[in-house]
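All ligand and atom numbering here is 1-based and tracks the order in the structure. Just the heavy atoms: all of them, side chains too, but no hydrogens, waters or symmetry mates, feed the values below.
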Amino acid sequence: MKRIMKTAFVYLDQPYLEKPIRYRIPTHFNELIQVGSRVLVPFGKADKTYLGFIRSIEHSEQEETSLDEIIDVFDDGKSVFSPRMFELSEWISAYYINSPSESLGAMLPAALRIEPKETVRLKEFTLSSADESIVKTELRRKIVSELEKNRSLTIRQLEKKTGSKNLRRALSELERIGEIEIEKTHLQKGKPKTKSAYRITQTNSSTPTEVMMAEALKRFKRSKQKTAALEKLMSLEFTHYFPEQLNLKSALLRSLVKDGVLEEIKVELDRAFQEGFYESKKNFELSSIQREAVNRISNAIEKNEFRSILLHGVTGSGKTWVYIEAIRSALREGKSAIILVPEISLTPQTAARFRAEFGDLIRVLHSAMSDGEKYDAWENLRTGKASIALGPRSAIFAPLANLGLIIVDEEHEGSYKQDKPAPRYNGRDVALVRAKLEKAVCVLGSATPSIESFFNAEQSKYHYQELPTRADGAEMPELKLIWMPREKKLTPSISETLFNQIFERMKRNEQVILFQNRRGFVGSVSCYDCGHIHTCDACNVPLVYHRTQNQLQCHYCGAVKPMIRSCLRCKSENLLYKGSGTEKIETELASLFPSEKILRMDLDSTSKKGSHAKILSDFREGKSRLLLGTQMVAKGLDFPNVTLVGVLAADIGLALPDFRASERLYSLLTQVAGRAGRAEKRGEVYLQVFDLYNPVFKHFLENDYKSFYEAEKKLRSELRYPPFSRLVKVEFSGLVEQHVRTVAERFSYDLHAQNTDPRFEFLGPVPAVLEKLNNKFRYQLLIKQTDGARIQKESFKAVHRIYHERNPWKVSIAIDVDVQSMM
Ligand code: ADP
Ligand code: ZN
Ligand code: ZN
């Protein structure tokens, strides 16, 4: 009889391999290995072993003797990726131009990654270190003497103790001559947390527990202690008991185990993560328009079809409640759901709201979680103990089976894009692809959709659902501009008008939020008197001042202009380079309102764990009436007593050399404004501006997203920015500027030579906006790809390979598809 043999394709954890490699599955692993198992395989020279993921399993009638064998299986072959997740990772690798191992690595939380750990110890039966020729170097002598003191050390520990960074050579030499041995083990950071517990012995016989307990009671009639213990156990009726629940002496417990009444077991504990910010459940009827949106989503879920819906709802329109009801209908269908939010630490209120509704069915994936907590959350989602995952972009990889719904809240947010390391994916776009693969519904929600998404809805690629009014019946806040150049200022950042408004609210015992955009950029030049920003004619992004050469440069096309002495619009010589920070504003406020307690919320004031939640709680409880903050106060906050929002320097974001600057500012202002006025009290929003005539403010004042969209679309179409092109940025960085520039130029030249289609427009290479970061010089090449044309991965890879393999200068090259960060 012919033996059928199993083989498997395995993705190796090796960034330079593009394809899975075929291995033989030894028969003793036949039962364990499945698609998604993690294994150890040999590869390349000599004894090198690598971690790998089983992509697929095949049966073969031949003896595949030429194939290498899988060496080992981790975690009893537990599958960490479904076939769909492999498909998703393959899409990511192809689209974002990175290796499969990078995609797979990103899909697994660090807590579940298995990493090799090497320990070094002295061999027991060496001829001692008598052989002087072997340990003749100082370094080797040090290694041996450290190992004599400590039985075994990791390489990292040895490096510390010997104070030497490069032990590889010495170690392999010592290993070769049999002085030491190096053991390679694999460790996973997150592990299940277990605890000892006791339970009533589960006899295999047919004796029911009560009968067994009755018999035991008879047997122990004479022992008061044991009788009392048994009675306690029977009264509690748990599946298992922790010692502290029983409150019995451990000797007594042990003796009951000996008697065969109890058995000791290990129970897995759940390290649930709590952020310390709570919301209570709310009850109200959905409005008819909210219902309509929910029905649309639910119908699609019931049909088991892929569908994408753009939910365009003004701030306060009750999108969160649409999400909640949509999730309920997914659960009713026996399906699971993912909610993506831009950044949990910025949206604790949103996370808390979902927790209040779904309790133990939801797992919040938070970057502040410990490895153990992450491990538990991930396992609970994988095994179906929980069926809703909520988190930032990486939560899109939650290991949920039977996915029915993905929600991307604030879909326009740039933080859905991963800048580094590779894969440089956009969580929103991956969400659409995953939904398509899983036949699920993807809801993109926003008050100010990205131009790309609105365009897609216009092209009928997405279904469009609007929520045009606020759900709680409140009116939209009233918006007003304060033109700073003509305004009397009480302090450098606060105008008299804004001061008077704040003063009014304090008198009425209402609350105020003041917002300062942290996205300031120092390099650009604007006019203090008329607000005009000096931009590149060809690219419509601010020119950046370079002090050393005393000139201005465009960081998109590379154009160089002389530095200006006066404003090109109004001739004023009063030019402005900087915005002011929150700390400084806080002091100004304190001088204006000496008796007010001011809460400041920015990166510095919230770096301690829990401090963010504390500031919000204090504000909600009315312990302070003045909250000053950066982007953190813009998102998802819902405080009914806030009737005034002040934006201190509303045009700061416009000075960024980024073609999305207007879009970002428009959406930020909309969000900030949405914090003002809920139900009963109408809110007001005051913006202090310099650039009064900027169209962004005009659209904003008219509260008209669609007119803003139309204007922006026109600009983008003329200049061929997304959605009228796809942008790829290639970034070069290294220690020596000359080398970086040379590699950048040659790379661009080679890539261009292979891709001469006129639909590809090569811009640069030019120095990056932040031309020097962490001591590295940075250059960037920008490629506009229009009319559906795209440079293929193979082409990028071919050129990349040249400069990777022959790269004595160590210039790193990073490819960023659909780039968000232009800096
Ligand atoms: P969005 O996320 O669209 O800005 P939210 O979901 O935060 O809006 O809802 C805004 C406010 O309206 C919240 O205070 C919420 O409790 C309230 N709300 C939502 N839906 C309703 C409804 N149907 N009836 C009354 N209040 C509602
Ligand atoms: Zn001017
Ligand atoms: Zn330019």
Side-chain angles (χ1 to χ4, degrees), residues 277-298 309-329 337 339-344 346-358 362 390 405 407-413 428 443-450 453-454 464-477 479 511 513 515 616 619-620 631-643 645 666-683 685 703 705:
F277 193 82
Y278 301 93
E279 281 282 313
S280 47
K281 254 179 139 138
K282 282 191 190 174
N283 283 313
F284 41 66
E285 292 280 306
L286 289 190
S287 67
S288 61
I289 185 94
Q290 281 173 313
R291 261 267 82 87
E292 184 186 314
V294 172
N295 287 342
R296 234 169 144 172
I297 301 168
S298 318
I309 299 171
L310 177 63
L311 181 66
H312 180 193
V314 299
T315 43
S317 60
K319 291 185 288 296
T320 318
W321 309 91
V322 171
Y323 301 153
I324 287 170
E325 285 307 317
I327 292 168
R328 277 197 220 293
S329 48
I339 310 153
L340 295 188
V341 293
E343 254 173 278
I344 299 232
L346 296 186
T347 52
Q349 221 177 6
T350 311
R353 235 177 254 162
F354 282 102
R355 251 206 332 258
E357 295 297 323
F358 296 108
I362 195 165
L390 183 150
L405 175 65
I407 289 160
V408 186
D409 191 23
E410 313 282 4
E411 66 84 25
H412 59 275
E413 278 290 329
R428 174 199 59 206
V443 177
L444 308 180
S446 176
T448 51
S450 62
S453 293
F454 200 83
Y464 180 71
Q465 176 72 45
E466 199 178 3
L467 302 176
T469 51
R470 283 173 84 146
D472 51 8
E475 280 178 85
M476 295 306 276
L479 310 171
Q511 288 178 301
I513 293 180
F515 171 75
L616 291 182
F619 193 60
R620 182 168 58 182
Q631 262 70 351
M632 288 184 180
V633 300
K635 294 193 172 110
L637 300 184
D638 182 8
F639 298 115
N641 199 32
V642 173
T643 56
V645 167
Y666 187 88
S667 101
L668 188 61
L669 293 177
T670 305
Q671 269 185 3
V672 178
R675 305 305 126 222
R678 293 270 163 169
E680 312 86 39
K681 300 171 186 164
R682 182 159 191 202
V685 179
N703 195 3
Y705 171 83

Going by the atom numbers of ligand 1, which of them fall below 4.0 Å from some non-hydrogen atom of [X]?
X      : result
Ser287 : 23 (N)
Thr320 : 2 (O), 5 (P), 6 (O), 7 (O)
Thr315 : 4 (O)
Leu286 : 23 (N)

Checklist entry - Partners of Ala293 by side-chain contact (heavy atoms from CB on, under 4.5 Å), sequence neighbours excluded? => result Leu311, Val322, Gln465, Leu467
Next on the checklist: Evaluate Arg291 against Glu285 for salt bridge (charged side-chain N to carboxylate O under 4.0 Å, His left out), listing each step before the verdict.
Outcome noted: CA-CA 9 Å; Arg291 261 267 82 87; Glu285 292 280 306; over 6 Å; no
For [atom], tell me which residue out of [options] has the closest non-hydrogen atom.
atom                    : options                        : result
atom 21 (C) of ligand 1 : Trp321, Phe284, Phe639         : Phe284
atom 3 (O) of ligand 1  : Arg291, Glu285, Lys319         : Lys319
atom 1 (P) of ligand 1  : Gly316, Pro640, Ser288, Gly674 : Gly316

Next on the checklist: For Asn703 versus Tyr666, what's the shortest heavy-atom pair and its separation?
Outcome noted: C-OH, 4.3 Å
Checklist entry - Hey, does Gly318 come in under 3.5 Å of ligand 1, counting only N/O atoms on both sides? => result yes
Next on the checklist: Can you tell me which residue among His412, Glu411, Glu413 is in a side-chain contact (heavy atoms from CB on, under 4.5 Å) with Pro342?
Outcome noted: Glu413
Next on the checklist: Does the plane of the ring in Trp321 sit parallel, tilted or perpendicular to the ring in Phe284? Use 30° and 60° as the thresholds.
Outcome noted: perpendicular
Checklist entry - Are any of the heavy atoms in Val314 under 4.0 Å away from ligand 1? => result yes
Checklist entry - Hey, is Arg470 one of the residues with a heavy atom under 4.0 angstrom from ligand 1? => result no
Checklist entry - Under 4.5 Å between any side-chain heavy atoms of Ile309 and Tyr464, yes or no? => result no
Checklist entry - How many angstroms lie between CZ in Arg355 and CG in Leu390, if you round to the nearest 0.5 Å? => result 9.5 Å
Item to check | ligand 1 versus Glu410: contacting region, heavy-atom distance under 4.0 Å | outcome: neither
Next on the checklist: Is the contact between Gln290 and ligand 1 made by the side chain, the backbone, both, or neither, using heavy atoms and a 4.0 Å cut-off?
Outcome noted: side chain
Checklist entry - Taking atom types as modelled and ignoring hydrogens, do the side chains of Arg470 and Thr315 form a donor-acceptor contact shorter than 3.5 angstrom? => result no
